[in-house]
*Asks:* 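Here it is, the structure, as structure tokens.
This is a predicted model, so every value here is computed, not measured. Throughout, protein chains are lettered first and strands after them, A, B, ... in sequence-line order, and every chain is numbered starting at 1.
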Amino acid sequence: MNLFADIRTLVLDSLTDLVADGALPDGLNMANVTVEPPRDAAHGDMATNAAMVLAKPAKMKPRDIAEVLAVKLANDPRVVSAEVAGPGFLNLRLDAGVWQSVLATILASGTDYGRSDMGNGQKVNVEYVSANPTGPLHVGHTRGAVFGDALASLLDYSGHDVTREYYINDGGGQVDTLARSVYLRYLEALGQDVAFEEGTYPGDYLIEVGEAVAKAKGDIWVGQSESVWLAELRETSTDAMMDLIRADLLALGVKMDVFFSEKSLYGTGLIEAALADLDSKGLIYEGVLPPPKGKEPDDWEPREQTLFKSTEHGDDVDRPVKKSDGNWTYFAPDVAYHFDKVSRGFDALIDVLGADHGGYVKRMKAAVSALSEGKVPLDIKLCQLVRLYKDGQPFKMSKRSGDFVSLRDVVDLVGPDVTRFVMLTRKNDAKLDFDFDKVLEQSRENPVFYVQYAHARVMSVLRKAADAGIASDDVVLGSADLALLNHEAELTVIKKLAEWPRLVETAARTNEPHRVAFYLYELAGEFHALWNRGNELTQLRFIQDGDAATSQAKIALARAVSVVISAGLGILGVTPVQEMR
RNA sequence: GCCCCCUUGGCCUAAUGGACAAGGCGUCGGACUUCUAAUCCGAAGAUUGCGGGUUCGAGUCCCGCAGGGGGUGCCA
């Protein structure tokens, strides 16, 4: 149930009536008519822009349209008043009963309140993390992991059929480097002194892989050339790294539906098939690219390559798909991978990448546009970097990972719930400061705490109610006399709760899960404010001694707050706490 | 050079094209015989980087400029 959508329907119906009455001309486009909460509560509960949007096409003054529309709307029992304001806004006030019934809906629906069928069961593929299998995940990956996972949940909650997917980059040169690094650890495990030169991975996390290889193989590879051991070690090492990564993700609470291996595209004709598809559309050719201007590489020389005509689909230059040695560029398998996604029948694709992949956006969109003939939209969300702080100072750590702070380090220090919430306290394209002290602080400064505290307070009320012998399970609360909730302070909180379904749809439409985190912070704020007003006005306390009926109505409100907080935290992948300790 | 992102009170941020730009931090002043004051209330503080444009209406969309970041053929 989305009250704003309901009232918008009412507005549209009233406009249709006005057309039938001859008060408005026929054939108006109502698509831009909105009903939304006004920024200033003094303007009422909801505002519609109908009169202003329709003024020009109807060749009428906005205020004239607003006047007649106001009369129509005021006929509806839900509408207490409809006033024309400003340039032609129509401000609506709704009957208290409408708001009170929102609570009944929340208690009846539980955390499904806000769930929407907006997505129409559309199949959406969300690809995220997709880190190279060369080591443990670091903080940057953590942000992408949390963002992607929350976005996937959000889309699921809003009625999409979501697949969570991880693309394993196990086909390029970096897995050879990984295998060579493991070979060194293998020699080390057999007692040799080794040096980690430039171009190898020196992280401690490969020690145990080397030891395992030494145990399994003995010394048969000592002194042998790469051709003997490289292929097998590549396999062993990437498997080990993926085990590591899966465990890292699990520690964060992320579970993928699909792990898609880049390697599986090689030697199976899939890359060739994808490029053949582009070729059949006249988008593959042999040609020479111009050198990049301004910053020409020293070793530049013109070279004929196999190119994808991505400029036909919005890119700035055409992109090579083959290296001069005849191997594919990294782009080619990625085209094939996205071709595979399109072939699997997804209606929409989303890639979550680090901001350093920004240069990749246009060509990938061009590829998907070409492969799907413009039918499958690809949205690429770039996550900006995370800066770590401790004691107010930039913070670096390399417990076991080499030269970066790992996802494990973060989760071990602050836990998955805090990690997840904090990663969503900024829009994806804004930089994020992550301060190990602040995120554990118990104060309003820390949104995680603030929201959790609100939830814990509700739980506390429920415990107190039980102690006082007041029945307060959801069924009882759902049938409480909600008309007793008529104080302005209480209605303010209810109105915030009523925004939840609308917020979900906005967040899902824009692929912006951070909106959920911000909403929860605001809702928690409204709740804390109401709670504290009980200090001065005892009538606003949730438990009213000796008055079970009133108590139940007020507890119903508190409970509804906890339900919506639970629903929101659920989308973010955060567990609501029962009490603060 | 070209492409992408960013620029909002002293600091960090928010805002499906809607009304007087919303929070937090910091500053100043208040509220605990209570369901947890781990919270709340109030005050001061902004020409949304600059200049144009579209629109009834622009922080938001378009063009130009400046500053910061990222990217820019055989790394992924």
*Asks:* Between Asp356(A) (CG) and C4(B) (P), how many Å, whole number?
*Replies:*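 After rounding, the reported distance stands at 18 Å.
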
*Asks:* Remember a base hit wins even if backbone is also touched, and classify Gln452(A) as base, sugar-phosphate or nothing at under 4.0 Å, heavy atoms.
*Replies:* nothing

*Asks:* Please report, rounded to the nearest Å, how far the C1' atom of C5(B) is from the CG atom of Leu385(A).
*Replies:*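 Answer to the nearest Å: 12 Å.
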
*Asks:* Mind calculating the distance between CD (Glu127(A)) and C1' (A76(B)) to the nearest angstrom?
*Replies:*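 Checked: the CD to C1' distance equals 12 Å.
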
*Asks:* Which one, G24(B), C3(B), U36(B), comes nearest to the side chain of Glu445(A)?
*Replies:*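 Between G24(B), C3(B), U36(B), the one nearest the side chain of Glu445(A) would be G24(B).
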
*Asks:* With a 4.0 Å cut-off on heavy atoms, is Gln305(A) in touch with a base, just the backbone sugar-phosphate, or nothing at all?
*Replies:*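 Base contact.
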
*Asks:* Asn535(A) near the nucleic acid: base, sugar-phosphate alone, or nothing, with a heavy-atom cut-off under 4.0 Å?
*Replies:* base

*Asks:* What pairs with Phe89(A) under ring pair (Phe, Tyr, Trp, His ring centres under 6.0 Å), at least two apart in sequence or on another chain?
*Replies:*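 Checked Phe89(A) against ring pair (Phe, Tyr, Trp, His ring centres under 6.0 Å); zero matches.
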
*Asks:* Asp433(A): which residues meet the salt bridge (Lys or Arg N to Asp or Glu O under 4.0 Å) condition with it, sequence neighbours left out?
*Replies:*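 Salt bridge (Lys or Arg N to Asp or Glu O under 4.0 Å) check on Asp433(A) returns Arg387(A).
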
*Asks:* Rounding to the closest angstrom, what is the interatomic distance between U48(B) and C61(B) at atom C1'?
*Replies:*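 To the nearest whole Å, 16 Å.
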
*Asks:* To the nearest angstrom, how far is Asn132(A) atom CG from A76(B) atom C1'?
*Replies:* 5 Å

*Asks:* Under a 3.5 Å cut-off for both distances, is G73(B) Watson-Crick or wobble paired, and to whom?
*Replies:* none

*Asks:* Select base, sugar-phosphate, or nothing to describe what Ala55(A) touches, counting heavy atoms under 4.0 Å on all strands.
*Replies:* nothing

*Asks:* For RNA chain B, what residues of residues 359-366 of chain A have any heavy atom nearer than 4.0 Å?
*Replies:* Gly359(A), Lys362(A)

*Asks:* Can you sort out the partners of Arg444(A) under side-chain hydrogen bond (donor to acceptor under 3.5 Å, both in side chains), two or more places apart, ordered by chain and number?
*Replies:*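 side-chain hydrogen bond (donor to acceptor under 3.5 Å, both in side chains) list for Arg444(A), sorted by chain: Tyr450(A), Tyr521(A).
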
*Asks:* Just to verify, what does Tyr285(A) make a ring pair (Phe, Tyr, Trp, His ring centres under 6.0 Å) with, not counting sequence neighbours?
*Replies:*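 Here no residue qualifies.
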
*Asks:* Quick one: what's the B/S/- string for nucleotides 14-23 of chain B, heavy-atom cutoff under 4.0 Å, read 5' to 3'?
*Replies:* SBB-BB---S

*Asks:* Nearest whole Å is fine: how far is U72(B) C1' from His357(A) NE2?
*Replies:* 14 Å

*Asks:* For Asn32(A) and U55(B), give me the distance from atom CG to atom C1', rounded to whole Å.
*Replies:* 12 Å

*Asks:* Tell me which nucleotide, if any, is Watson-Crick or G-U wobble paired with U34(B) when both distances must be under 3.5 Å.
*Replies:* none

*Asks:* Quick one: Arg319(A) CZ to C75(B) P, roughly how many Å, whole number?
*Replies:*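 Checked: the CZ to P distance equals 16 Å.
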
*Asks:* Quick one: list whatever passes side-chain hydrogen bond (donor to acceptor under 3.5 Å, both in side chains) with Ser324(A), sequence neighbours left out.
*Replies:* none

*Asks:* Parallel under 30°, tilted from 30 to 60°, perpendicular over 60°: which one fits the rings of Tyr167(A) and Tyr337(A)?
*Replies:* parallel

*Asks:* Would a 4.5 Å heavy-atom cut-off, applied to side chains only, mark Ile555(A) and Leu462(A) as touching?
*Replies:* yes

*Asks:* Quick one: the side chain of Arg463(A) and the base of C35(B), do they pair up donor-acceptor inside 3.5 Å?
*Replies:*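 No, the side chain and the base share no sub-3.5 Å donor-acceptor pair.
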
*Asks:* Taking pairing as Watson-Crick or G-U wobble with both contacts under 3.5 Å, can you name the mate of G9(B), or confirm there isn't one?
*Replies:* none

*Asks:* If only side-chain N and O atoms of Trp531(A) are considered, is one of them under 4.0 Å from the OP1 or OP2 phosphate oxygen of A37(B)?
*Replies:* yes

*Asks:* Could you list the residues that satisfy ring pair (Phe, Tyr, Trp, His ring centres under 6.0 Å) with Phe259(A), not counting sequence neighbours?
*Replies:* Tyr166(A)

*Asks:* For C65(B) and G26(B), measure between their P atoms and round to the nearest Å.
*Replies:*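 Rounded to whole Å, the distance is 41 Å.
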
*Asks:* From the options Lys381(A), Lys341(A), Lys365(A), select the one residue that forms a side chain to side chain donor-acceptor pair (under 3.5 Å) with Asp351(A).
*Replies:*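 Only one of Lys381(A), Lys341(A), Lys365(A) forms a side chain to side chain donor-acceptor pair (under 3.5 Å) with Asp351(A), namely Lys341(A).
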
*Asks:* When rounded to the nearest Å, what value does the distance between C1' atoms of G70(B) and G17(B) take?
*Replies:* 29 Å

*Asks:* Could you tabulate the donor-acceptor pairs under 3.5 Å formed by side-chain atoms of residues 422-430 of chain A, not counting sequence neighbours?
*Replies:*
from	atom 1	to	atom 2	distance (Å)
Thr425(A)	OG1	Val422(A)	O	2.6
Asn428(A)	ND2	Leu382(A)	O	3.0

*Asks:* Identify, residue by residue, the members of residues 541-561 of chain A with a heavy atom below 4.0 Å from RNA chain B, and return them in order of residue number, or none.
*Replies:*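 The stretch gives Arg541(A), Phe542(A), Ile543(A) as the residues lying under 4.0 Å from the strand, ordered by number.
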
*Asks:* For His141(A), give me all partners under ring pair (Phe, Tyr, Trp, His ring centres under 6.0 Å), at least two apart in sequence or on another chain.
*Replies:* His138(A)

*Asks:* Out of C40(B), A37(B), G73(B), which nucleotide sits closest to the side chain of Ala529(A)?
*Replies:*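 For the Ala529(A) side chain, the nearest candidate turns out to be C40(B).
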
*Asks:* In Watson-Crick or G-U wobble terms, both distances under 3.5 Å, what is the partner of G42(B)?
*Replies:*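 Here G42(B) is engaged in a pair, and the nucleotide opposite it is C28(B).
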
*Asks:* What pairs with Ser562(A) under side-chain hydrogen bond (donor to acceptor under 3.5 Å, both in side chains), at least two apart in sequence or on another chain?
*Replies:*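 Here the qualifying residues are Arg559(A).
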
*Asks:* Remember a base hit wins even if backbone is also touched, and classify Tyr450(A) as base, sugar-phosphate or nothing at under 4.0 Å, heavy atoms.
*Replies:* sugar-phosphate

*Asks:* In whole Å, I'd like the distance from the CD1 atom of Ile380(A) to the C1' atom of G71(B).
*Replies:*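 Computing the Ile380(A):CD1 to G71(B):C1' distance gives 14 Å.
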
*Asks:* Give none if G49(B) has no partner; otherwise give the nucleotide forming a Watson-Crick or G-U wobble pair with it, both distances under 3.5 Å.
*Replies:*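 The answer is C65(B), by the H-bond criterion.
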
*Asks:* Should the ring pair Phe436(A) and Phe434(A) be called parallel, tilted or perpendicular, given that the plane angle runs from 0 to 90° and is split at 30 and 60?
*Replies:* perpendicular

